Amino acid sequence: MRNPDNSFFEDVYDVVRQIPKGRVTTYGAIARYLGTGMSARLVGWAMNASHGKNVPAQRVVNRNGLLTGKHHFPPGSSMKKLLEMDGLTVKKDQVQKFEEVFWNPEELSKGQY
DNA sequence: ACGGTGACCACTT
DNA sequence: TAAGTGGCCACCG
C-alpha cells in the first residue's frame, strides 16, 4: 500500500516489488496507479534510482513491452536473462506475450487478501 | 526558489 | 509506416 510518508520513489519500488513472478508491468500503469497521471517518466526516473535497491526493475517495461531500460542495467545482469528466468520470453528486447504476462498494479487494491 | 532532467506516453505530421 | 514534438510530475544541484 502506499505510504504517504515515503517518497514517490518508495511507492514505485513498493509496487515493483509486488510484481508477481512471471509478470511484468508498464511505467504508465504504475504511474497511473500512484496517481501521477500521465507522468510515467517519473516512474522510469524512479527506476533509475532503483540501483542498489531490491527492485526487480527488469519486470518494468514500457507500454510496448520493450526493454527500454535494459541498457541502463548494470553490466553482467542481462535484463533479458532475468526475465527469462521468470519464465518470460524475451526477443529482441521485447517481451513476448506481453499482454498475457502484463500485470496491473490495480490488482493490489482488488485482490490483496 | 528555479531550472534542468528523465529507463515515457500520446498525438500529429 | 515511421519520425518528430509536446506534456507531464517529482528529484537534484
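This structure is a prediction, so every number in the text was calculated from the model and none was measured. Residue numbers begin at 1 in each chain, while the letters A, B, ... track the order of the sequences.
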Check: A:Y27 main-chain N/O paired with A:R63 side-chain donor or acceptor under 3.5 Å: no

Distance in Å, A:E10 CD paired with A:K53 NZ, rounded so as to fall on 0.5 Å steps: 6.0 Å

For A:R32 against A:T36, the heavy-atom pair lying closest together: N-OG1, 4.1 Å

Are the side chains of A:V55 and A:R17 in touch, meaning some heavy atoms are under 4.5 Å apart? yes

Do the side chain of A:N104 and the main chain of A:E106 share a donor and acceptor less than 3.5 angstrom apart? yes

When rounded to the nearest 0.5 angstrom, what distance separates OG1 in A:T68 from CG in A:N62? 4.5 Å

Main chain of A:W103, side chain of A:E107: is a donor-acceptor contact present, judged purely on distance under 3.5 Å? no

Result block: side-chain N/O donor-acceptor pairs under 3.5 angstrom for residues 40-50 of chain A, not counting sequence neighbours:
unit_1	atom_1	unit_2	atom_2	d
A:S50	OG	A:M47	O	2.4

Atom pair CD (A:E84) and OG1 (A:T89), whose distance is rounded to the nearest 0.5 Å: 7.0 Å

Protein and nucleotides 5-8 of chain B: nitrogen or oxygen contacts under 3.5 angstrom:
unit_1	atom_1	unit_2	atom_2	d
B:dG6	O6	A:R41	NH1	3.2
B:dA7	OP1	A:H72	NE2	3.4
B:dA7	N7	A:N48	N	3.3
B:dA7	N6	A:M47	O	2.7
B:dA7	N6	A:H51	NE2	3.3
B:dA7	N3	A:Y27	OH	3.3
B:dC8	OP1	A:T68	OG1	3.2
B:dC8	N3	A:R41	NE	2.9
B:dC8	N4	A:R41	NE	3.1
B:dC8	N4	A:R41	NH2	2.5

Closest non-hydrogen contact found for A:V60 with A:I30 is CG1-CD1, 4.1 Å

Hydrophobic cluster mates of A:F73, side-chain heavy atoms under 4.5 angstrom, ILVMFWY only, any path? A:V24, A:V61, A:L67, A:M79, A:L82, A:L83, A:M85, A:L88, A:V90, A:V95, A:F98, A:V101, A:F102

Where along residues 90-98 of chain A does a heavy atom fall under 4.0 Å from DNA chain B? none

Would you confirm whether A:R59, through its side chain, and A:T25, through its main-chain N or O, come within 3.5 Å as a donor-acceptor pair? no

Start and end of the DNA chain C segment that chain A contacts, any atom under 4.0 Å from a heavy atom: C:dG7 to C:dC11

Interface polar pairs with nucleotides 11-13 of chain B, N/O, under 3.5 angstrom:
none

